[in-house]
Every structure is written in structure tokens, then in C-alpha cells.
Amino acid sequence: MVRCYKALSNPPPSCYNLHKVKIHVRRLRSGNGGSSSCAGDQHSQLDSPGPAGSAGGTPNRRTRFRLQFPQLALRRRLGQLSCMSRPALKLRSWPLTILYYLLPFGALKPLTRVGWRPVSRVALYKSVPTRLLSRAWGRLNQVELPTWLRKPVYSLYIWTFGVNMKEAAVEDLHHYRNLSEFFRRKLKPQARPVCCLHSVISPSDGKILNFGQVKNCEVEQVKGVTYSLESFLGPRISTEDLHFREASPGNSFQQQLVTKEGNELYHCVIYLAPGDYHCFHSPTDWKVSHRRHFPGSLMSVNPGVARWIKELFCHNERVVLTGDWKHGFFSLTAVGATNVGSIRIYFDQDLHTNSPFYSKGSYNDFSFVSNNNKEGIPMRKGEHLGEFNLGSTIVLIFEAPKDFKFHLKAGQKIRFGEALGSL
């Protein structure tokens, strides 16, 4: 504050720049230590037109420098402080973000008013080392349980996820030495009769997330959330393995998969819950000619997460089996999930999933067509095809005539052997 004990000879104008006055007073105090009354006289002279400035009443170069230099120095200093504070804020952002989402009643919400922004839920979830956790869970599943501990552990799992052990081939819980054997339990032959009247059956137990016709090279993982067909299946496979139509500049990836005139491309997504039967079977009579393995993340494929993360199935590890059936192109994709790093295909001994090291965006191809076997691997409807370790998702993408009809409702429960659709 400046207190004037002497009346000013020249009264200040109506538009008085207090910011300039304050900075200039500090400058004079540090420079000559004069009295405040003199400082007031000089300020009145600087802000009023007169001989203190240059001709015409404008301040000279030295005066402008003295007025602006403190502001520039202050801005530069604040900029340095903000740069110094950013790394520390970034280091603290992850713990703060976790607390921000976990604490009730918006306890940390006031932090957002001072410029802090929490990391998004999707980015936070993607940072979780799900592959490492899945490998650790797989090791834990292989640990043999003592006989006295098996029944309490398996009974807790049965009660939690609603497992129907009356359908299991072996109902005695003491028979399963570890959790892995219990997850991969076989069913009684009569527990899942295979429907012979319909052309496509459900390959596994589960819940129907979505189904229908593929449009504009996009497939719905859940209602309203889509992913790219080419990103999911990968680049076009060579014509030596599959009988694709010749590629032309005007054909989209979807059109290249359709091998017969008048056919359309259809899809069906089946989610396997932890309490479901974990093996999957052949959904129709077809020939498997190619396998493509995509290493990737192992995020949960729960329907709630599938609505949350776009192109979730394209990020997760998956095994794509492609071939053909009587109506053209046919593919079955087993999508991995958290704690489901192990995907096993019974006739493919070279497949190894959830490896510790992989290149993001890479994939491994293997052809079942050889000089000795030009047909590929023939699969009959209902035949055992593979298994998961805890439950995941099966995606069917196939070609069929336009009069193909699904006998499903979105969200319904389905069991292996029941009809998906027919002509």
C-alpha cells in the first residue's frame, strides 16, 4: 500500500492504472529508498501527460521497460514453477485417481476445482497387468489341493457361481485334484443333446450378447458398441487356404469374405460366465483350414466391461479358426479374458497362449492345409473343439444365404447343442 502525506499537484486521471502504480512503487523502493510521498509524486507524473514521458504524453522506452519488466519476470517465474510441479503431479495422479473412484461421497472431488483431473477409468483399467495376473492364476489352479480341502473350496465356488454338478460326468468333488481340473470338468453324454434339425448350434453354454447380420464391416460386441471386422479377424488370408473371391479395388473386406453370390455375412457372440461349462464344440459340419493367434491384453469380457471399452475383442488375446462349410466362409474365434490366458485347441498342439513376451499388434498364422491334407481339419457338429480355463467369449462369423434366420433373443441363456439358427 502507498500512503500519500502530501497533496498531489496534478490530480490523477479518472482511469488510474493501479497495477502499474503498485509495481512501479516497489521498483522505486528497492532502487533509491525514497519516501512514499516522492514515489506518489513520480507516479502521478508518469501516469499523467507531461514532461516525464516523451513528447506527446507517451512514456519513453526506459519507462515502458520499468513498467513491464516485473510482469514478464513474474510470468517467467510462474512458468518455471508450473513446469517443475508437473512431474510430481503426474507421479501422484495414479494413487489419487484410485482413491478418487473408490472413496464415497466424492471425497476428492474438490481437487478437480483446482485443476487436477483424474485418469479415465478405461486408461486406469488398461494399466492393470492382467496378463501377469492371469499367469499367476493359472499357476495357482495347477496346485494340487489336499483331499480334506477340496470339498469346501469347490462347494464355495459352486455356491458363488451357481454350478450344476448333477450334469458333470463325475459328481464327486474329491475326484478333482486342483481347480483347473474342476473348471474343465466333462458333462454326461445325455446332459447336452445336439439338435440335428438346425444347421448351426451353440458351441458352448453361455449368454447371447449379440447376433445378426454384419453391416459396413462392423460387428457389434454388445448393443451400440461395435468393432472392425478386419481388426478382429486380421488381414485377408491367402487364397491357398480359403476360397476367397479375387480381390478387386472396389471390394471391401466384408465382400471379400463372401464366396457365393447372394449370400450375406452373419455373426453371433456368446459370453461364457465362470459358472458355465468351459469346453466348446463345433457348431456345424465344417473344415478348419487356418489358425491365427493374436497375443494381446486379457481384460474382462463381462458385458458391463464390453459396453465400457470400445473394440474390446480386438484388444484381447484370441484364437481365430477359419475355414468353410456348405454355404461358404465360416470362422470361430475364442477370445481370452482375465484369468483365462490359456486357450486350448485339441487338434492344435503348437498353439501356446498367454506368453510372457509378445509384440503388440502381431499375430501368428498356421495352416492346416498341406500336401498330404488339402482339405484341412474336418469337424462334425457337436464334436469337441477346445476349452477355456475359466470362461470367456465365443464369436461366430459365417456366410449364409439371405433367408438364414436366428432363433435367439439378445440376453438369453443358451446351452451347448441348442439351435442358433437355420435356413
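Please read all numbers here as calculations on a predicted model, not as lab measurements.
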inquiry  = Under 6.0 Å between ring centres: does that hold for Phe388 and Phe280?
reply    = yes
key: Chi angles and distances behind the side chain to side chain contact (heavy atoms under 4.5 Å, CB included) call for Val143, Asn178   = CA-CA 6 Å; Val143 176; Asn178 50 48; 5.9 Å; no
Shortest non-hydrogen contact between [X] and [Y], atoms and distance:
X: Leu408; Y: Ala419; result: CD2-O, 3.9 Å
X: His293; Y: His352; result: CE1-O, 3.4 Å
X: Leu272; Y: Asp205; result: CG-O, 3.3 Å
X: Gly336; Y: Ile343; result: N-CD1, 3.7 Å
X: Phe313; Y: Val269; result: CE1-CG1, 3.8 Å
X: Phe253; Y: Pro235; result: CE1-C, 4.2 Å

According to the interplanar angle, ranging from 0 to 90°, do the rings of [X] and [Y] count as parallel (below 30°), tilted (30 to 60°) or perpendicular (above 60°)?
X: Phe294; Y: Tyr363; answer: tilted
X: Phe232; Y: Tyr227; answer: tilted
X: Phe404; Y: Tyr266; answer: tilted
X: Tyr157; Y: Phe161; answer: tilted

Output yes when a side-chain donor or acceptor of [X] lies under 3.5 Å from a complementary backbone atom of [Y], and no otherwise.
X: Arg292; Y: Leu233; value: yes
X: His267; Y: Val214; value: no
X: His290; Y: Val288; value: no
X: Arg192; Y: Glu418; value: no
X: Glu218; Y: Lys215; value: no
X: Arg139; Y: Arg135; value: no
X: Thr284; Y: Val200; value: no

inquiry  = Is it the case that atom CG in Asn216 sees more than 12 heavy atoms from other parts of the structure closer than 6.0 Å?
reply    = no
message = Tell me if the NZ atom of Lys413 is crowded by more than 12 foreign heavy atoms within 6.0 Å.
response = yes
inquiry  = salt bridge (charged side-chain N to carboxylate O under 4.0 Å, His left out), that's the test. Do Arg150 and Glu181 meet it? Break it down for me.
reply    = CA-CA 12 Å; Arg150 295 175 186 177; Glu181 288 187 1; over 6 Å; no
Can you measure from [atom1] ([X]) to [atom2] ([Y]) and round to the nearest 0.5 angstrom?
X: Leu332; Y: Ser282; atom1: CG; atom2: OG; result: 8.0 Å
X: Gln254; Y: Phe329; atom1: CD; atom2: CZ; result: 11.0 Å
X: Ile201; Y: Arg415; atom1: CD1; atom2: CZ; result: 13.0 Å
X: Ile397; Y: Leu257; atom1: CD1; atom2: CG; result: 8.0 Å
X: Glu220; Y: Gln213; atom1: CD; atom2: CD; result: 12.5 Å
X: Glu399; Y: Thr259; atom1: CD; atom2: OG1; result: 3.5 Å

Student check: side-chain heavy atoms of [X] and [Y] closer than 4.5 Å:
X: Phe366; Y: Leu351; answer: no
X: Leu420; Y: Leu396; answer: yes
X: Arg185; Y: Val163; answer: yes
X: Leu179; Y: Tyr154; answer: yes
X: Tyr176; Y: Val170; answer: yes
X: Leu229; Y: Leu265; answer: yes
X: Ser199; Y: Trp325; answer: yes
X: Leu173; Y: Met165; answer: yes

request  = Say whether Ser422 and His407, considering side chains only, have a donor N or O and an acceptor N or O under 3.5 Å apart.
outcome  = yes
key: Step-by-step side chain to side chain contact (heavy atoms under 4.5 Å, CB included) determination, Val194 to Phe416   = CA-CA 8 Å; Val194 177; Phe416 157 62; 4.0 Å; yes
task = May I have the step-by-step check of side-chain hydrogen bond (donor to acceptor under 3.5 Å, both in side chains) for Glu311 and Ser231, ending in yes or no?
result = CA-CA 9 Å; Glu311 295 193 341; Ser231 299; 4.9 Å; no
task = Carefully, step by step, assess Val153 and Phe182 under the rule side chain to side chain contact (heavy atoms under 4.5 Å, CB included).
result = CA-CA 11 Å; Val153 171; Phe182 179 73; over 6 Å; no
If you look only at distance, which donor and acceptor atoms sit under 3.5 Å apart when one is on a side chain in residues 377-386 and the other is two or more places apart or in another chain?
unit_1: Lys381; atom_1: NZ; unit_2: His198; atom_2: O; d: 2.6
unit_1: Glu383; atom_1: OE1; unit_2: Arg380; atom_2: N; d: 3.0

ask   = Among all residues two or more places apart in sequence or in another chain, which pass the salt bridge (charged side-chain N to carboxylate O under 4.0 Å, His left out) test with Asp285?
value = none
ask   = Is the shortest side-chain N to carboxylate O distance from Lys188 to Glu171 below 4.0 Å?
value = yes
ask   = Can a salt bridge be assigned to the pair Asp324 and Lys260 using a cut-off of 4.0 Å between side-chain N and carboxylate O?
value = no
Worked check of side chain to side chain contact (heavy atoms under 4.5 Å, CB included) between Asp350 and Arg291 = CA-CA 11 Å; Asp350 297 326; Arg291 180 259 293 163; 4.2 Å; yes
inquiry  = Quick one, Arg344 with Glu387, criterion salt bridge (charged side-chain N to carboxylate O under 4.0 Å, His left out). Give me CA distance, side-chain angles, the key distance, then yes/no.
reply    = CA-CA 5 Å; Arg344 183 183 174 190; Glu387 62 186 28; 3.6 Å; yes
